[in-house]
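Take a look at the structure set out below.
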Number of protein chains: 2
Amino acid sequence: MAKKEDQPQADSTEQKIFDAAHEVFLQKGMDGAKMQEIADLAGINKALLHYYYRSKEKLYEAVARAIIGHAAPVISQLIESELPLEEKIRHFIDFYIGVISRNPFIPLFIISEINKHPERFIETILPKELPKPQVFMRQVEEEIAAGRIREIHPKHLIINIISMCIFPFIAKPMARFALGLNSAEMKLFLEERRDQVTEFVLAALRP
Amino acid sequence: MAKKEDQPQADSTEQKIFDAAHEVFLQKGMDGAKMQEIADLAGINKALLHYYYRSKEKLYEAVARAIIGHAAPVISQLIESELPLEEKIRHFIDFYIGVISRNPFIPLFIISEINKHPERFIETILPKELPKPQVFMRQVEEEIAAGRIREIHPKHLIINIISMCIFPFIAKPMARFALGLNSAEMKLFLEERRDQVTEFVLAALRP
DNA sequence: CCTGTTTTTAACCAAACGGTTAAACCCTAT
DNA sequence: ATAGGGTTTAACCGTTTGGTTAAAAACAGG
């Protein structure tokens with residue numbers, strides 16, 4: 001029972017399956033993940049995967065929907081919250097870089113899986129309701145009108161911030177190559193990002 | 001013959017295989033790509049894939065090495081060229097966004113494939129020599145000393161620029177969701193990036 | 001303690017996969 | 001023309017993969 005929407009109580013077989021599937025799908029994607037590997041990681045028989053979730057697709061859908069369900073509000077937050085603009089930007093960058101450095105696989109999973117199976121995502125996994133950019137747009141326009149920040153397209157500002165927060169984490173090996181850093185230096189570099197991105201954005205917004 | 005390093009003359013079977021493999025691997029990655037699909041796309045028998053490239057791994061390596069071989073110099077260019085800083089930044093952003101909008105799959109391929117098979121890449125595919133950041137570092141420090149730009153860590157500046165150029169293209173569906181744009185609006189938005197990123201970076205660098 | 005239900009397992013299946021083989025085909029040089 | 005090389009093909013092979021099944025095990029209520 002309890003096959004409806006959310007996962008049931010912890011330590012149940014169904015939950016162990018979901019957790020194992022979450023880990024494997026997150027790192028290997030739909031194509032790279034194998035049902036046997038998920039079963040092994042969960043420490044149970046492979047047939048149980050099909051007993052609780054009918055097919056690989058269904059299990060994948062459950063995991064992908066959960067991942068996106070957690071990620072979407074994090075993005076919406078920057079856009080919808082009612083905090084004053086500068087405070088919002090400071091808070092968002094700090095919070096967002098924290099989330100990503102604890103879960104570096106999530107953005108890459110979303111991006112590359114959407115890219116490989118656009119239909120599946122658009123039809124069944126993506127949330128129906130979009131974030132409402134009006135608040136952010138209005139805030140930026142007001143600050144511009146008041147002469148407190150430089151003129152800028154709000155949508156580009158959002159994407160600039162998100163880009164600088166996420167990209168270095170998902171492209172870590174590429175960045176290490178470009179900058180010629182070893183593993184420890186890279187770790188340090190990523191820790192500096194909080195302050196550096198905040199500083200950079202606020203500097204760009206000066207009138 | 002001609003099995004050495006580069007691909008042989010156009011229209012040869014080997015070249016058709018390479019082209020088809022390039023397209024399939026680029027969009028689906030190692031795990032998602034199937035040898036039969038590559039053969040079908042090339043319009044030849046599957047056994048020929050093994051005749052010219054011994055295994056799926058070898059074929060993949062050839063393609064991946066070519067992709068990275070084209071991408072790495074593009075990044076190095078920002079870092080190594082001797083142009084004056086502002087001109088270099090303007091030129092790089094313009095050139096780089098152009099390259100990516102024509103080949104949107106390449107950065108995502110590199111990032112997600114490195115992530116799934118780090119050993120393979122580090123051992124056999126990545127170029128041995130790193131870009132030399134000294135030129136860029138010196139330029140930034142000189143401009144700072146002369147008071148022509150604000151104080152900033154050169155490495156973070158590089159990553160900020162690359163992030164804002166690449167990320168919106170690889171995370172297109174995610175950006176569409178965040179901004180609530182339809183396909184046509186998104187296309188327009190991406191075309192605006194050239195000017196917007198340039199403006200944003202130069203604004204952030206003002207003393 | 002028995003009985004019916006749910007949960008778990010080992011064994012199995014068909015399809016898809018990467019890879020091989022042997023024969024057919026196609027050149028070109030003698 | 002023909003012998004010998006490289007090239008191409010259909011058929012095949014062993015393994016892996018997602019998925020099924022039938023029976024065993026665990027659990028529940030009476």
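Here the structure is a predicted model, which is why all the values come from computation and not from measurement. Naming: A, B, ... by sequence-line order, numbering from 1 per chain.
By the 6.0 Å contact criterion, CG on A:D11 is open, its count of non-hydrogen atoms from other residues, nucleotides or ligands being 12 or less.
When rounded to the nearest whole Å, the span between NZ of B:K56 and C1' of D:dT15 equals 14 Å.
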Atom pairs and distances, donor-acceptor, side-chain atoms in residues 135-142 of chain A, under 3.5 Å, two or more places apart:
from: A:R138; atom 1: NE; to: A:E142; atom 2: OE2; distance (Å): 3.3
from: A:Q139; atom 1: OE1; to: A:K88; atom 2: NZ; distance (Å): 2.6
from: A:Q139; atom 1: NE2; to: A:L83; atom 2: O; distance (Å): 2.4

### Message
Would B:R120 and B:E113 count as a salt bridge (charged side-chain N to carboxylate O under 4.0 Å, His left out) here? Give the steps.
### Response
CA-CA 9 Å; B:R120 206 197 328 250; B:E113 292 297 297; 5.8 Å; no
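Looking at heavy-atom distances under 4.0 Å, A:A33 makes contact with sugar-phosphate atoms alone, never a base.
With D:dG19, D:dT20, C:dT20 as the choices, the nucleotide that has an atom nearest any side-chain atom of A:M35 turns out to be D:dG19.
Among the candidates A:L59, A:I44, A:V63, the single residue satisfying the side chain to side chain contact (heavy atoms under 4.5 Å, CB included) test with A:I38 is A:L59.
Within the structure, every side-chain polar atom (N or O) of A:T13 is placed at least 4.0 Å from both OP1 and OP2 of C:dT7. Between C:dT6 and A:Y51, no contact under 4.0 Å exists linking OP1 or OP2 to a side-chain N or O.
Checked against the 6.0 Å centroid threshold, B:F109 and B:F105 do not count as a close aromatic pair. The six-membered or imidazole ring of A:H153 lies away from that of B:F189, with a centre-to-centre distance of 6.0 Å or more.
Interface remark: the A:K46 side chain does form a donor-acceptor pair with the D:dG19 base, using a distance-only criterion of under 3.5 Å.
Five base pairs at each end of the helix from C:dC1-D:dG30 to C:dC25-D:dG6 define two local axes, and these are offset by 10° (rounded to 10°).
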